[in-house]
There are 2 protein chains.
Amino acid sequence: MHQIARTPKDIGNALRKARKARKLTQGELATQAGIWQRTVSTIETSASGAKLDTIFDLLAALDLEIHIVPRSKAKPGDLEDIF
Amino acid sequence: MHQIARTPKDIGNALRKARKARKLTQGELATQAGIWQRTVSTIETSASGAKLDTIFDLLAALDLEIHIVPRSKAKPGDLEDIF
DNA sequence: TTCGTTTATGCTCCCCGGATCATAATCTCT
DNA sequence: AGAGATTATGATCCGGGGAGCATAAACGAA
């Protein structure tokens, strides 16, 4: 069930999923990420057109990183050279 | 040489790399992504705190997607369940 | 070196995300 | 159902990104 994102909304969903898996509240995560609960909520739901900075703050707090992969090869266990 | 990103700057580098691999100019990519050459340049260099929307526009134009992965397991060929 | 292409930047305007504080709405557990 | 925790939102202010257009600077090939 690994997370793939092609839209801001996907990011929001993934972040929420990761947060819940870690049993954190939005408030706790926000604090750790150095942002506001309000912002976490907004990003998880509408995920609007958030700023990259904020997203990376959240990813860092969740100990996640991003892999940039060609769409076609989007199969787990299939990761290889991209460019 | 697959692309990992933990900061906006990483994204900028990855996008530039992908664009060049496809032999596109910033202008061409910008057009395909529906944004401005100016913006492509800014994102590739400073990568500032761009907006998610813009990044996804570029990723789509380059036929790329994002995988969200735990930092520790950040080894190619190692992709598996994340949450 | 010189011409043509590609990329970096200056500037203004507008929009919207995030900070900040507060409260409403929801969910959850008993 | 009721209390307590969690999440969604209202309102305002501010900063910065991207649109839009133009030009300078840098790069590349002949």
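It should be emphasised that the depicted structure is a prediction, and the values quoted were computed from it without experimental measurement. Just so we're on the same page: letters track the sequence lines, and every chain starts at 1. Computed over heavy atoms, backbone and side chain alike; hydrogens, waters and symmetry mates excluded.
Nearest approach of A:Leu29 to A:Arg19, heavy atoms of both residues: CD2-CD, 3.6 Å. For the pair B:Ala33 and B:Leu58, the tightest heavy-atom approach, listed with the atom from each and the gap, is CB-CD2, 4.0 Å. Taking each heavy atom of B:Asp53 and A:Gly49 in turn, the nearest pair found is OD2-CA, 3.3 Å. Residues A:Ala18 and A:Leu64 approach most closely at CB-CD1, 3.8 Å, considering heavy atoms. Contact record, B:Arg16 with B:Thr45: NH2-CG2, 4.0 Å, taken as the closest heavy-atom pair.
Partners of A:Thr7 according to the side chain to side chain donor-acceptor pair (under 3.5 Å) rule, which considers only residues two or more places apart in sequence or in another chain, are A:Asp10. With sequence neighbours excluded, the residues forming a side chain to side chain donor-acceptor pair (under 3.5 Å) with B:Gln26 are B:Gln37, B:Glu44, listed by chain and number. Applying the side chain to side chain donor-acceptor pair (under 3.5 Å) test to A:Arg38 and every residue at least two apart in sequence or in another chain returns nothing.
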Nucleotide N/O to protein N/O under 3.5 Å, stretch nucleotides 28-30 of chain D:
none

Report all interatomic pairs (protein N or O, nucleotide N or O of nucleotides 3-10 of chain D) with separations under 3.5 Å.
unit_1, atom_1, unit_2, atom_2, d
D:dT7, OP1, A:Arg19, NH1, 2.8
D:dT7, OP1, A:Arg19, NH2, 3.2
D:dT7, OP2, A:Gln26, N, 2.7
D:dA8, OP1, A:Arg16, NH2, 2.8
D:dA8, OP2, A:Arg16, NH2, 3.2
D:dA8, OP2, A:Gln26, NE2, 2.7
D:dA8, OP2, A:Ser41, OG, 2.7
D:dA8, N7, A:Gln37, NE2, 3.2
D:dA8, N6, A:Gln37, OE1, 3.3
D:dG10, N7, A:Arg38, NH1, 2.8
D:dG10, O6, A:Arg38, NH1, 2.6

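Cluster annotation: B:Phe56 and B:Leu24 are assigned to the same hydrophobic cluster (Ile/Leu/Val/Met/Phe/Trp/Tyr, side-chain heavy-atom contacts under 4.5 Å, transitive).
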Practice problem: Using the side chain to side chain contact (heavy atoms under 4.5 Å, CB included) rule, take A:Ile4 and B:Ile66 through it: C-alpha gap first, then chi angles, then the decisive distance, then the call. | Solution: CA-CA 6 Å; A:Ile4 296 177; B:Ile66 276 178; over 6 Å; no
Quiz prompt | Criterion side chain to side chain contact (heavy atoms under 4.5 Å, CB included) on A:Lys17 and A:Asn13, from CA distance to verdict | solution = CA-CA 6 Å; A:Lys17 216 169 167 183; A:Asn13 294 335; over 6 Å; no
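Overall, the helix from C:dT1-D:dA30 to C:dT30-D:dA1 carries an axis bend of 80° between its ends, with five pairs at each end and the value rounded to 10°.
With a 4.5 Å cut-off on side-chain heavy atoms, B:Thr54 and B:Thr39 count as touching.
Following rounding to the nearest Å, B:Lys51 (NZ) and D:dG16 (C1') show an atom-to-atom distance of 8 Å.
Read 5' to 3', the first and last nucleotides of DNA chain C with an atom closer than 4.0 Å to a heavy atom of chain B are C:dT6 to C:dC11.
Considering CZ of B:Arg22 and CG of B:Asp63, their distance stands at 7.0 Å, rounded to 0.5 Å.
OP1 or OP2 of D:dG20 has at least one side-chain nitrogen or oxygen of B:Trp36 nearer than 4.0 Å.
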